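Here the structure is laid out as structure tokens; the discussion comes afterwards.
Counting starts at 1 for both ligands and their atoms, in listed order. Every value quoted in this text rests on a predicted model; they were computed, and no experiment measured them.
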Amino acid sequence: MDDKQRSLLLESSSRFPPPPGAKLSYGTAGFRADALILQSTVFRVGILAALRSLKTQSVIGLMITASHNKVSDNGIKIADPCGGMLSQDWEPFADELANAPDPQTLLSLIIEFAKKEKISFDGAFSAEILLGRDTRPSGESLLEAAKQGINSIVGAVVHDMGILTTPQLHWMVRARNKGLKATEADYFGQLLSSFRCIMDLIPNERKINEIEDRLIVDGANGVGGEKLEAVKKMLSGLVIEVLNSGKEGGILNEGVGADFVQKEKVVPHGFGSNHEGIRCASLDGDADRLVYFSVPSNSSSKIDLVDGDKILSLFAVFIKEQLSILEGDMKGNNNYKARLGVVQTAYANGASTDYLKHLGLEVVFTPTGVKYLHTRAAQYDIGIYFEANGHGTILFSEHYLSWLEAKNNELSSISQGSELQTAALRLLAVSKLINQAVGDALSGLLLVEAILQHMGWSIHRWSELYQDLPSRQLKVKVVDRTAVVTANAETVVVRPPSLQEAINAEIAKYTRGRSFIRPSGTEDVIRVYAEASTQEEVDNLANSVAELVDQFLGGGSFP
Ligand code: 16G
Ligand code: MG
């Protein structure tokens, strides 16, 4: 690193002193905190993104968002060249950078890390970063801090892509690194044309009018609502009404959004008895999560929730149907059986796992967090992953897509328009509609809608695929949440000793009882999950496990 680069880093970082006393961690999904203390972190992540770009010689993304957190929070995360999450082996360096106390320490850390990673500052490659932000008011000034961080690396180029959903930015990074067009218009164009393709391939006899042609979407008063309004204008074959689009003056994530709806199981603000029985969906604050629900006809405020597990199940049924057509009667020489896999976390409702296994699918589990699920799903020809909270997508391997393209070409010459070719075309359209970089509420919503029409299913028919086991989530504040260490995809506590035995003893008291605890990656709490055959039982199980957490880890309170 030459003197010019050194003094540029020292000079710019002196303008962004870290917040006194705050200890920041890259966490499950980037840095998140009160927006007021994030200037220096965002500036430093700007530097990190430029370094990552130099290292990978690729375009890198930087997204400013705090997803479903309250509006006064904000956050920042990096999208790697493939459009996925920052490689986990860079996370410790991200933490060190964010917490460096002064410019000189920061510079030393960068020099040392660049040496270790063999990052060259010789100017042969210029770092290139795509920047996006959600609708949070703090986004604009944090964007400026990010730009200054990026510009602290000589020659770095920044493209401000404006206000975007998180998945749009990830999609753009992936597209750019594949040499494809990557504007918002290209994103919308791809979604709309592949949606149309699946709709046009619906067999005539399936076009039964069991389903309501109207969908009502809760936009969480965030960026997703705004983008969906744009999609709506270009869409045919589906009537979408957006509530909580952010234009009516509602507050981001307050009593609205997928996180609220999924955790509380109540209607979001703006929904009520006039929406009874209608298909409704809810996006989270940065539109990377999607859940569906319907408002029951009795006066209860509880909803019939159709969560990420059921979206996964719907996708699995559809994909499996296409694979059975394609692989059931292989014509021609070029035959291949796809490896289809499903990835869930311990939060998946036990009834969903039973259902998927009953379909004959391979189901595997990873710890919570997209980076784990995504990596695992990428090991299949077609990997479907979803968290119960509504984050998920379907990944197609490059190898399988090339095979599918070739098969489609072959079939179009020997049996154009056949069931076989139609199945191949549907799978190709799904691979374009569903975001290959990360879970995406907008593209997921369009795929759900196309599949429901394909099946001729109402939301009620879909919801009846299986009956969720009653479940309960609690959180417990403890002195030090890092004292809890888990294994086996977070289903077993290995530290503190004996806690797992005590939890097992509680579980054993209930029919179909299941419970696990884990330290949250986004909040300073221990999370408790429980499942049992009745709501009363599950509430008791969750409470007893929460009490055990308190006993073992001390200083507890139940926020
Ligand atoms: C983040 C994760 C999500 C996970 C959640 C768990 C990403 C993009 N998002 O929102 O996958 O379910 O954290 O939160 O990875 P928790 O650790 O606080 O329970
Ligand atoms: Mg989100």
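Applying the side chain to side chain contact (heavy atoms under 4.5 Å, CB included) test to Ala502 and every residue at least two apart in sequence or in another chain returns Leu548, Phe552.
Of all protein heavy atoms, the one closest to atom 7 (C) of ligand 1 is Val370 CG2, 3.4 Å. The nearest heavy-atom contact from the protein to atom 5 (C) of ligand 1 is Arg289 NH2, 3.9 Å. Arg527 NE, 2.6 Å is the protein heavy atom nearest to atom 19 (O) of ligand 1. Residue, atom and distance of the protein heavy atom nearest to atom 2 (C) of ligand 1 are Thr28 CG2, 4.0 Å. Nearest protein heavy-atom contact of atom 9 (N) of ligand 1 is Ala29 CB, 3.7 Å. Scanning all protein heavy atoms for the shortest distance to atom 6 (C) of ligand 1 gives Thr368 CG2, 3.6 Å.
If you look at Lys371 next to ligand 1, there are no close heavy atoms at all, none under 4.0 Å. Proximity of Asn389 to ligand 1, defined as any heavy-atom pair under 4.0 Å, is confined to the side chain (atoms from C-beta onward). Residue contacts with ligand 1, taken as heavy atom pairs separated by less than 4.0 Å, do not involve Gln473 at all.
Side-chain contact annotation: Gln344 with Ser352, donor-acceptor N/O pair under 3.5 Å present. Checking Asn244 against Asp218 by side-chain atom types alone, a donor-acceptor pair falls below 3.5 Å. A donor-acceptor contact closer than 3.5 angstrom links the side chains of Tyr347 and Arg518. Side-chain atoms of Asn349 and Tyr355 include no donor-acceptor pair closer than 3.5 Å.
By the 3.5 Å distance cut-off applied to N or O atoms, Lys77 is not counted among the residues near ligand 1. Inclusion of Arg518 in the set of residues having an N or O under 3.5 Å from an N or O of ligand 1 is warranted. By the 3.5 Å distance cut-off applied to N or O atoms, Glu387 is counted among the residues near ligand 1.
Close approach of ligand 1 to Met85 is summarised as follows: ligand atoms under 4.0 Å from at least one heavy atom of the residue are 8 (C). Annotation for ligand 1: atoms under 4.0 Å from non-hydrogen atoms of Thr522 are 13 (O), 14 (O), 16 (P), 17 (O), 18 (O). In summary, the atoms of ligand 1 found under 4.0 Å from a heavy atom of His68, numbered by their order in the structure, are 10 (O).
At a 4.0 Å cut-off, at least one heavy atom of Gly369 sits close enough to ligand 1 to count as contact.
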> Does the pair Thr491 and Asn488 meet the rule for a side chain to side chain donor-acceptor pair (under 3.5 Å), with working shown?
Replying inline: CA-CA 6 Å; Thr491 53; Asn488 293 358; 4.7 Å; no
> For Ser245 and Glu226, what are the C-alpha separation, side-chain angles and deciding distance, and is it a side chain to side chain donor-acceptor pair (under 3.5 Å)?
Replying inline: CA-CA 6 Å; Ser245 69; Glu226 201 173 298; over 6 Å; no
>> Walk me through whether His391 and Phe386 qualify under ring pair (Phe, Tyr, Trp, His ring centres under 6.0 Å).
In response: CA-CA 6 Å; His391 189 118; Phe386 258 89; 7.9 Å; no
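With respect to Glu91 and Lys371, a salt bridge is recorded, a charged nitrogen being found less than 4.0 Å from a carboxylate O. Here Lys178 pairs with Glu398 in a salt bridge; the nearest charged N to carboxylate O distance falls below 4.0 Å. Remark: Glu531 does not engage Arg512 in a salt bridge, criterion side-chain N to carboxylate O under 4.0 Å.
Residue-environment remark: NZ (Lys232) exceeds the threshold of 12 foreign heavy atoms within 6.0 Å.
Counting only distance, with no hydrogens or angles, the side chain of Glu140 and the backbone of Ser138 share no donor-acceptor pair below 3.5 Å.
For the Mg ion (ligand 2), protein N, O or S atoms closer than 2.8 Å were enumerated as Ser67 OG, Asp284 OD2, Asp286 OD1, Asp288 OD1, with waters left out.
Across every non-hydrogen atom of Asp524 and Arg481, the tightest pair is OD1-NH1, 3.2 Å.
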